[in-house]
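What follows is a short report on a single structure.
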Amino acid sequence: MNTAVHAVIAVKSLGLAKSRLSEGLPAHRRPHLVLAMLSDTVTAATATRGVASVTVVTPDPQVSALVRELGATVHPEPAAIPPHTSGLNAALAAGAAAVRQAHGPVDLLALQADLPALRPAELCDMLASTGHRRSVVADHEGSGTVALLVRGGSAALNPLFGPDSARRHIAGGAVELLGDWPGLRQDVDTAADLERAAALGVGQATGALLREIGVSRACRVTEDLRRAGSSLC
């Protein structure tokens, strides 16, 4: 099954992003890294067969400008966050509602913004691997969530991202997908995560930034290989 889905990504203000990388990356570089990883994530998603659109929810003007350049849609972050709801989950829910207002009762994919090693072929394979109403892909540690897929236009996204989110999504009825998708599972919260992503081979924007700051291992996978990988599905 490979019915087209509409992806939603949420990104906070750049000044608040990726504080856990403070030990491995100077503060003035972190916004650049966030933008680079987002660029590679959106580029991979828009190049994926089966993804009909990508919407990024953000309050940040730099993020908005980048997203539009990449051909994705921008939706403003909600002004008010409902009680007992995280900002990320509120943003994703608002983005999902906007997508369905624009496109009707479509399938939804909530995707993390920090997947610099994501390959279109991985995402395509993941989408084709399940017909379940709700599916979840856990991160490389097995506890967080990198992707939440909701099939059926009447089903709410109901995102539960945050600590131990994979378990909470599964408890809420999502089926865990166990495919071999290392780039999809490799989100980046820490310096060690960034090193693992670099070892897998990151996209053009993140690779250029890491070369600029002297992390040469980001270039182990060539752009030719990435292009070949995107055509496998």
Side-chain angles (χ1 to χ4, degrees), residues 1-11 36-57 66-75 92 95-96 98-140 145-155 157 159 169 174-188 197 200-207 221-233:
M1 179 176 184
N2 199 13
T3 303
V5 305
H6 294 254
V8 181
I9 297 170
V11 183
M37 294 193 298
L38 173 64
S39 176
D40 290 332
T41 302
V42 171
T43 297
T46 57
T48 298
R49 183 184 306 172
V51 174
S53 74
V54 177
T55 296
V56 177
V57 183
L66 171 67
V67 166
R68 291 189 180 101
E69 288 178 6
L70 295 172
T73 300
V74 176
H75 185 74
L92 289 170
V99 165
R100 283 186 169 161
Q101 185 175 11
H103 300 282
V106 296
D107 295 349
L108 298 170
L109 171 68
L111 199 62
Q112 289 284 29
D114 55 351
L115 304 174
L118 178 62
R119 270 73 165 167
E122 290 183 342
L123 190 54
C124 179
D125 185 61
M126 185 274 283
L127 294 175
S129 70
T130 178
H132 296 292
R133 191 173 182 84
R134 300 181 68 82
S135 306
V136 63
V137 179
D139 64 12
H140 63 284
T145 299
V146 292
L148 174 66
L149 176 63
V150 177
R151 297 285 192 187
S154 63
L157 183 63
H169 280 130
V175 174
E176 183 177 8
L177 303 181
L178 301 175
D180 182 21
W181 308 304
L184 174 59
R185 296 185 187 276
Q186 187 57 67
D187 57 343
V188 175
L200 288 171
V202 294
Q204 184 175 3
T206 306
V221 176
T222 67
E223 195 60 25
D224 285 343
L225 182 56
R226 290 184 57 80
R227 284 196 293 268
S230 70
S231 65
L232 293 178
C233 188

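None of these values were measured; they are calculated from a predicted model.
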Check whether any side-chain N or O of [X] sits under 3.5 Å from a backbone N or O of [Y] as a donor-acceptor pair, and report yes or no.
X: Arg49; Y: Ala47; result: no
X: Asp139; Y: Val146; result: no
X: Arg134; Y: Leu157; result: yes
X: Arg100; Y: Gly153; result: yes
X: Thr130; Y: Met126; result: no
X: Thr48; Y: Cys124; result: no

For [X] against [Y], the heavy-atom pair lying closest together:
X: His132; Y: Arg151; result: O-CG, 3.2 Å
X: Val202; Y: Ala197; result: CG1-O, 3.4 Å
X: Asp107; Y: Gly152; result: OD1-N, 2.8 Å
X: Ala96; Y: Leu108; result: CB-CD1, 3.7 Å
X: Ala4; Y: Ala52; result: CB-CB, 4.1 Å
X: Leu109; Y: Ala147; result: CD1-CB, 4.1 Å

Gln112 vs Thr41, test: side chain to side chain contact (heavy atoms under 4.5 Å, CB included). Steps then yes/no. CA-CA 8 Å; Gln112 289 284 29; Thr41 302; over 6 Å; no
So if I apply the side chain to side chain contact (heavy atoms under 4.5 Å, CB included) rule between Arg185 and each of Leu115, Leu118, Val137, which one comes out positive?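 The single option meeting the side chain to side chain contact (heavy atoms under 4.5 Å, CB included) with Arg185 is Val137.
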List the residues meeting side-chain contact (heavy atoms from CB on, under 4.5 Å) with Ala205, not counting sequence neighbours, and say none if there are none.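 For Ala205, the residues satisfying side-chain contact (heavy atoms from CB on, under 4.5 Å) (neighbours in sequence not counted) are Ala36, Ser39, Asp40.
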I'd like to check the side-chain contact (heavy atoms from CB on, under 4.5 Å) partners of Val42; sequence neighbours left out, ordered by chain and number.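 Counting only residues at least two positions away or on another chain, Val42 forms a side-chain contact (heavy atoms from CB on, under 4.5 Å) with Ile9, Leu38, Thr46, Val54, Val56, Leu70, Ala72.
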Answer with yes or no whether the side chains of Ser154 and Arg133 bring together a donor and an acceptor at under 3.5 Å.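 A pair is found: one side chain offers a donor N or O, the other an acceptor, under 3.5 Å apart.
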Please report the interatomic distance CZ(Arg119) to CG(Leu184), rounded to the nearest 0.5 Å.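 So the CZ of Arg119 and the CG of Leu184 are separated by 11.5 Å.
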Only counting residues at least two apart or in another chain, list the ones meeting side-chain hydrogen bond (donor to acceptor under 3.5 Å, both in side chains) with [X].
X: Thr73; answer: none
X: His75; answer: none
X: Thr145; answer: Ser165, His169

Selection residues 105-126 - residue pairs positive for ring-ring contact (aromatic ring centres under 6.0 Å, His included), sequence neighbours left out: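 Counting only pairs at least two positions apart or across chains, no ring-ring contact (aromatic ring centres under 6.0 Å, His included) contact touches residues 105-126.
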